Amino acid sequence: MITEKQVYDALSGVMDPELGRSLVELGMIRNVTISRGGVVAFTLAFTIAGCPLKQKIERDAREAVMKLPGVKQVNITQSVMSEEERKALFPPGATELPQLNKFNKIDRVIAVMSGKGGVGKSSITALLACELARQGKKIGILDADITGPSIPRLFGLPPGGLRGSEQGILPAISGLGIRVMSSNLLVPTEEAAVIWRGPLIAGSIQQFWRDVLWGRLDVLLVDLPPGTSDAALTVMQTLPVNGVVLVSTPQQLAGMVVRKADSMLKQLNIPVLGVVENMSYYPCPDGGGNHEIFGPSHVEELAAAVGAQRWLKLPLDPRVALLGDTGRIEEYRAENLQEILTLFS
Ligand SMILES: Nc1ncnc2c1ncn2[C@@H]1O[C@H](COP(=O)(O)OP(=O)(O)OP(=O)(O)O)[C@@H](O)[C@H]1O
Ligand SMILES: [Mg+2]
């Protein structure tokens with residue numbers, strides 16, 4: 001007769017690949033029943049509803065139990081942990097995060113996120129970093145957009161040429177002293193494509209956190225790929241993110257997708273600190289006032305909907321694109337960005 005203990009023992013060898021802990025240790029296995037005919041049934045409670053690894057985890061769990069002598073069939077029912085269970089598993093400041101290199105001390109980690117692509121996340125990450133650096137803060141940017149990195153280009157940092165030491169990889173340093181780590185600094189030419197699958201991407205994000213000699217930083221900004229992708233989830237689940245700045249544009253659709261991002265953050269208990277509406281208006285150069293090219297602003301409602309403390313509008317300004325494309329983003333001053341900098345201290 002198969003025992004419950006055997007089932008648990010088999011499942012304690014199955015890992016949640018993202019969290020690096022076993023399904024048993026994470027409390028994901030429930031209601032184990034074993035029938036005489038060798039049918040084992042149990043519930044698999046995922047930590048979040050949208051767990052991207054659901055299928056893999058279920059497959060691994062099934063395989064592990066099938067290996068037990070006498071097991072003919074494995075029936076798995078999927079469920080999702082309650083808010084309380086999740087909180088108990090990931091208390092604020094929990095130590096299940098990958099160890100930070102002992103030479104690093106990072107006070108705050110802020111991720112810049114959007115619902116959809118091309119709304120200006122990377123530009124705004126760079127501009128925020130510049131304003132903070134001008135205030136004398138020590139700033140780093142971790143470019144978590146592994147397959148579409150754009151941070152080095154904005155700062156005119158060439159590919160290759162990163163130096164390593166026994167303690168870790170040294171980040172590139174911008175004119176204003178911002179420390180930058182990006183997959184585009186590791187490839188031989190800017191055009192070389194990084195075509196990696198999920199697990200490699202997740203691995204390199206963790207490496208950028210762990211193996212880079214950031215030193216002492218006041219703020220590490222994390223530029224995310226668009227949306228609620230795997231990579232965004234990896235950042236949120238494996239780095240100690242203190243909060244998020246959401247970037248959107250005035251289009252309704254952009255707002256809708258931002259709310260989707262917000263719902264992922266709620267599930268992970270990460271607060272939205274500020275909302276930036278980019279390309280909010282176009283200031284007519286000959287004094288004709290501000291034109292709302294992409295329609296009326298929704299930033300105030302959006303900020304209220306996601307519970308953000310601050311919101312901000314940035315204009316559509318061809319100089320952002322021009323200076324960004326030529327590696328001179330540090331020359332751009334967005335005066336009103338100052339208004340949200342207090343969120344970072
Ligand atoms: N306020 C602005 N005014 C004019 N152009 C802008 C502004 N903000 C961003 N851009 C331009 O829009 C384009 C997209 O910006 P950016 O790369 O920062 O967006 P993103 O959200 O990071 O994109 P992705 O989703 O691809 O990572 C770039 O060419 C950038 O120069
Ligand atoms: Mg980007």
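If you're wondering where the values come from, they're calculated on a predicted model, not measured in any experiment. Numbering of residues begins at 1 and proceeds along the displayed sequence. Whatever order the structure lists them in is the order used to number ligands and atoms, beginning at 1.
At a 4.0 Å heavy-atom cut-off, ligand 1 touches Pro315 through the backbone alone.
Side-chain contact between Ile29 and Val24 is present, with heavy atoms from C-beta onward closer than 4.5 Å. Under the 4.5 Å side-chain criterion, counting only non-hydrogen atoms from C-beta, Ile124 is not in contact with Asp223. Met264 is listed as a side-chain neighbour of Leu233, based on a closest heavy-atom distance under 4.5 Å. The side-chain heavy atoms of Leu176 and Phe155, taken from C-beta on, include no pair separated by under 4.5 Å. Between Phe344 and Leu273 the shortest side-chain heavy-atom distance does not fall below 4.5 Å.
Looking only at heavy atoms of the protein, atom 20 (P) of ligand 1 is closest to Lys121 N, 3.4 Å. At the top of the distance list for atom 19 (O) of ligand 1, counting protein heavy atoms only, stands Gly120 N, 3.0 Å. The nearest protein atom to atom 17 (O) of ligand 1, hydrogens excluded, is given as Ser122 CB, 4.2 Å; this is a heavy-atom distance. Of the protein's non-hydrogen atoms, the one nearest atom 10 (N) of ligand 1 is Met279 CE, 3.8 Å. Looking only at protein heavy atoms, the nearest one to atom 31 (O) of ligand 1 is Ala321 CA, 3.1 Å. Of the protein's non-hydrogen atoms, Gly118 O, 4.8 Å is the one closest to atom 13 (C) of ligand 1. With hydrogens left out, the protein atom closest to atom 3 (N) of ligand 1 is Asp317 N, 2.9 Å, a heavy atom.
Atom 7 (C) of ligand 1 lies below 4.0 Å from at least one non-hydrogen atom of the protein. Atom 29 (O) of ligand 1 lies below 4.0 Å from none of the non-hydrogen atoms of the protein.
Remark: ligand 1 atoms within the under-4.0 Å shell around heavy atoms of Asn278 are 1 (N), 2 (C), 7 (C), 8 (N), 9 (C). Every atom of ligand 1 with a heavy atom of Pro226 under 4.0 Å away is listed here by number and element: 25 (O). Against a heavy-atom cut-off of under 4.0 Å, Gly117 is close to the following atoms of ligand 1: 25 (O). Atoms of ligand 1 found under 4.0 Å from any heavy atom of Leu316, numbered from 1 in the order shown, are 3 (N), 4 (C). Using a 4.0 Å cut-off to heavy atoms of Ser123, the atoms of ligand 1 that qualify are 9 (C), 15 (O), 16 (P), 18 (O), 30 (C).
In terms of polar-atom proximity, defined here as any N/O pair under 3.5 Å, Leu224 makes no such contact with ligand 1.
Side-chain N or O atoms of Asn336 include one that pairs as donor or acceptor with a backbone N or O of Lys313 at under 3.5 Å.
In this structure, Asp145 is part of the shell of residues with a heavy atom less than 4.0 angstrom from ligand 1.
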### Message
Test side chain to side chain contact (heavy atoms under 4.5 Å, CB included) on Arg179 and Val212; report intermediate values, then the result.
### Response
CA-CA 10 Å; Arg179 295 164 213 183; Val212 171; over 6 Å; no
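Just one residue in the list Gln55, Lys54, Lys56, Arg62 forms a side chain to side chain donor-acceptor pair (under 3.5 Å) with Glu58, and that residue is Arg62. Remark: of the listed residues Leu157, Ile329, Asn184, Asp143, Asp143 is the sole one forming a side-chain contact (heavy atoms from CB on, under 4.5 Å) with Ile151.
At a cut-off of 2.8 Å, Ser123 is not counted among the residues with an N, O or S atom near the Mg ion (ligand 2).
The hydrophobic cluster containing Leu53 also contains Phe42, counting ILVMFWY residues as joined when their side-chain heavy atoms lie under 4.5 angstrom apart, directly or transitively.
For the salt bridge (Lys or Arg N to Asp or Glu O under 4.0 Å) condition, the pairs that include at least one residue of residues 25-43, sequence neighbours left out, are Arg21-Glu25, Arg30-Glu85.
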